[in-house]
Undergrad: 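Can you read through this structure? Questions will come right after.
For this chain, numbers begin at 1 and follow the sequence in order. We use all heavy atoms of the structure for the numbers below, so side chains are in, but hydrogens, waters and symmetry mates are not. In listed order, ligands and their atoms are each counted from 1. For clarity, every value in this text was computed on a predicted model and none was experimentally measured.
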Amino acid sequence: MDLSLPRRVEPELLDHLDAHDPRAQRSRNDLRRLHRAMATLTVLERALDRATSGSPPHTIVELGAGDGSLMLRLAHRRAARWPGAHVTLLDRLNLIAPRTLDAVRNLGWTPRVMAMDVFDWLARADANLADIVFANLFIHHFSAEPLARLLAGIAQRCRVFFCCEPRRSALPLAGSHLIGLLGAGPVTRKDAVSSVHAGFRGHELSALWPNPSAWLLHENSAGLFSHGFLAIRK
Ligand SMILES: C[S@@+](CC[C@H](N)C(=O)[O-])C[C@H]1O[C@@H](n2cnc3c(N)ncnc32)[C@H](O)[C@@H]1O
């Protein structure tokens, strides 16, 4: 069964809570648990392996990196094969604990935190292309016009882009109403439903990606609830 759900972006509660608000802290804990339930790291690794096909990236940027836990888990899985990577964790909030950064360093990667709005980052001149830019549960925050600007800006900054976002269809919508069963608190329960309405389906992101003939684009469902978009510069 599939529903014809028009895309609807509404503000998410977590985005408007102070980083130290206990409700925000609970919601970030919920997100970590949800990533494990949704196999986010596996989805990310598969996409990045497909894109790098054996040639190790040197520079990796995560947009909307939150508490940095996904990048740390990626470092655990990939640091031996991708030694010495320089990784940038960008989020408009500075939420990354020093112990998370130390753990990334201990694995041999060099982390840099950029606490800024993604559009301020895109506005900065930078002649260097990142080998990989990725994002998880971030791209769906943007409505049509800023989303098109965001993707255009990212395309100018990287060789590979991957994002894993909510899939806007019946099963994820049903799942989003049930995440209380995984112990998620009220903020996450509300944001999960909003996220599915703001998510993607079909080839919506490919249609917005600039200059598609210069890229290999793959856009598919990822797992039961997610939607993956991978762009590889030719
Ligand atoms: C739903 S959370 C996802 C966090 C993390 N990627 C994860 O999967 O757990 C979205 C993150 O995007 C950040 N964010 C939202 N809008 C942003 C913007 N315009 N620029 C930079 N970060 C932004 C928020 O602060 C938040 O940490």
Side-chain angles (χ1 to χ4, degrees), residues 9-21 23-45 47-48 60-75 87-97 100 104 111-124 132-154 157 161-167 172 176 179 182 184-200 222-223 225-229:
V9 180
E10 57 185 39
E12 294 186 19
L13 298 177
L14 179 59
D15 287 342
H16 297 279
L17 293 175
D18 184 84
H20 302 291
D21 187 311
R23 291 168 298 171
Q25 290 171 345
R26 163 127 195 231
S27 183
R28 291 189 192 279
N29 284 340
D30 293 342
L31 283 174
R32 283 196 293 272
R33 221 171 28 253
L34 282 176
H35 293 333
R36 289 182 193 275
M38 292 167 67
T40 304
L41 182 61
T42 305
V43 170
L44 176 65
E45 286 183 290
L48 299 188
I60 306 174
V61 178
E62 182 180 2
L63 303 179
D67 62 8
S69 54
L70 184 59
M71 183 68 93
L72 174 57
R73 290 177 67 211
L74 182 68
V87 300
T88 301
L89 298 121
L90 184 142
D91 199 290
R92 66 179 172 201
L93 300 176
N94 187 352
L95 299 165
I96 304 179
T100 302
V104 171
R112 173 174 63 153
V113 174
M114 297 189 91
M116 59 168 60
D117 189 277
V118 68
F119 287 105
D120 293 333
W121 175 68
L122 289 174
R124 287 183 165 194
I132 294 172
V133 171
F134 77 86
N136 187 62
L137 298 181
F138 173 67
I139 297 295
H140 73 276
H141 282 73
F142 300 89
S143 57
E145 187 277 329
L147 176 61
R149 271 192 295 128
L150 178 61
L151 296 180
I154 293 170
R157 287 300 189 97
F161 173 63
F162 177 66
C163 65
C164 182
E165 300 296 323
R167 190 165 82 248
S176 70
I179 61 165
L182 291 174
V187 169
T188 315
R189 293 203 300 271
K190 164 85 175 45
D191 283 351
V193 176
S194 305
S195 300
V196 173
H197 285 288
F200 302 101
F225 304 113
S226 304
H227 183 85
F229 172 68

Undergrad: Please confirm whether the backbone N or O of Leu182 pairs with a side-chain atom of Arg33, one donor and one acceptor, at under 3.5 Å?
TA: yes

Undergrad: Using a 4.0 Å heavy-atom cut-off, say whether Leu63 meets ligand 1 through its side chain, its backbone, both or neither.
TA: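 For Leu63, there is no contact with ligand 1 at all, from either part.
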
Undergrad: Under 3.5 Å between some N or O of ligand 1 and some N or O of Glu12?
TA: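 By distance alone, the answer is no.
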
Undergrad: Looking only at protein heavy atoms, which one is nearest to atom 1 (C) of ligand 1, and what is the separation?
TA: Leu137 O, 3.4 Å

Undergrad: Counting distance only, does the side-chain N/O of Asn136 pair as donor-acceptor with the main-chain N or O of Leu70 below 3.5 Å?
TA: no

Undergrad: Measure the distance from atom 7 (C) of ligand 1 to every protein heavy atom, then report the residue, atom name and distance (to 0.1 Å) of the closest one.
TA: His35 NE2, 3.3 Å

Undergrad: List every atom of ligand 1 that sits less than 4.0 Å from any heavy atom of His141, numbering the atoms from 1 in the order shown and giving each element.
TA: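 Per the distance check, 1 (C), 10 (C).
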
Undergrad: Please report the interatomic distance CG(Leu93) to CG(Asp18), rounded to the nearest 0.5 Å.
TA: 8.5 Å

Undergrad: Which ligand 1 atoms does Gly66 reach within 4.0 Å, using its non-hydrogen atoms?
TA: 27 (O)

Undergrad: Any nitrogen or oxygen of Arg92, main chain or side chain, under 3.5 Å from a nitrogen or oxygen of ligand 1?
TA: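 Min N/O separation from ligand 1 is below 3.5 Å for Arg92.
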
Undergrad: Identify the closest protein heavy atom to atom 20 (N) of ligand 1: which residue and atom is it, and at what distance?
TA: Val118 N, 2.9 Å

Undergrad: Evaluate Gly64 for polar contact with ligand 1, using N/O atom pairs at a separation under 3.5 Å.
TA: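 Yes.
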
Undergrad: Checking side-chain hydrogen bond (donor to acceptor under 3.5 Å, both in side chains) between His140 and each of His197, Arg167, Glu12, which is the one that passes?
TA: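 Going through the options one by one, the only one that passes is Glu12.
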
Undergrad: Fit a plane to each ring of His227 and Phe200, take the angle between them on a 0 to 90° scale, and name the class: parallel (under 30°), tilted (30 to 60°) or perpendicular (over 60°).
TA: tilted

Undergrad: Looking only at heavy atoms, which two atoms of Arg157 and Trp121 are closest? And how far apart?
TA: NH2-O, 2.9 Å

Undergrad: Can Leu137 and His35 be said to form a side-chain contact (heavy atoms from CB on, under 4.5 Å), step by step?
TA: CA-CA 10 Å; Leu137 298 181; His35 293 333; 3.8 Å; yes

Undergrad: Please state which protein non-hydrogen atom is closest to atom 17 (C) of ligand 1 and give its distance, to 0.1 Å?
TA: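 Result: Phe138 CE1, 3.5 Å.
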
Undergrad: Taking all non-hydrogen atoms of both residues into account, name the closest pair between Ser143 and Val9 and its distance.
TA: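 Nearest heavy atoms, Ser143 then Val9: CA-CG2, 3.9 Å.
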
Undergrad: Determine whether any heavy atom of Phe119 lies closer than 4.0 Å to an atom of ligand 1.
TA: no

Undergrad: Tell me, with the steps shown, if Arg73 and Glu45 meet salt bridge (charged side-chain N to carboxylate O under 4.0 Å, His left out).
TA: CA-CA 10 Å; Arg73 290 177 67 211; Glu45 286 183 290; over 6 Å; no

Undergrad: Which residue and non-hydrogen atom of the protein lie closest to atom 25 (O) of ligand 1, and at what distance in Å?
TA: Asp91 OD1, 2.6 Å

Undergrad: What part of Met116, side chain, backbone, both or neither, has a heavy atom within less than 4.0 angstrom of ligand 1?
TA: backbone

Undergrad: Of the side chain and backbone of Asp117, name the one, both, or neither that has a heavy atom under 4.0 Å from an atom of ligand 1.
TA: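 Asp117 to ligand 1: contacts from backbone and side chain alike.
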
Undergrad: Judged by atom type as modelled, is there a donor-acceptor pair below 3.5 Å linking the side chain of Arg23 to the main-chain atoms of Leu13?
TA: no

Undergrad: Answer side chain, backbone, both or neither: which part of Phe134 comes under 4.0 Å from ligand 1, heavy atoms only.
TA: neither

Undergrad: Which of the numbered atoms in ligand 1 are below 4.0 angstrom from a heavy atom of Phe142?
TA: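 Counting atoms of ligand 1 from 1, those under 4.0 Å from Phe142 are 19 (N).
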
Undergrad: Show which atoms of ligand 1 fall inside a sub-4.0 Å distance from at least one heavy-atom site of Asp15.
TA: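 In order of numbering, the contacting atoms are 24 (C).
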
Undergrad: Parallel, tilted or perpendicular for His141 and Phe138, by the 30°/60° rule?
TA: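 Taking Phe138 first and then His141, their aromatic rings sit tilted (interplane angle of 30° to 60°).
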
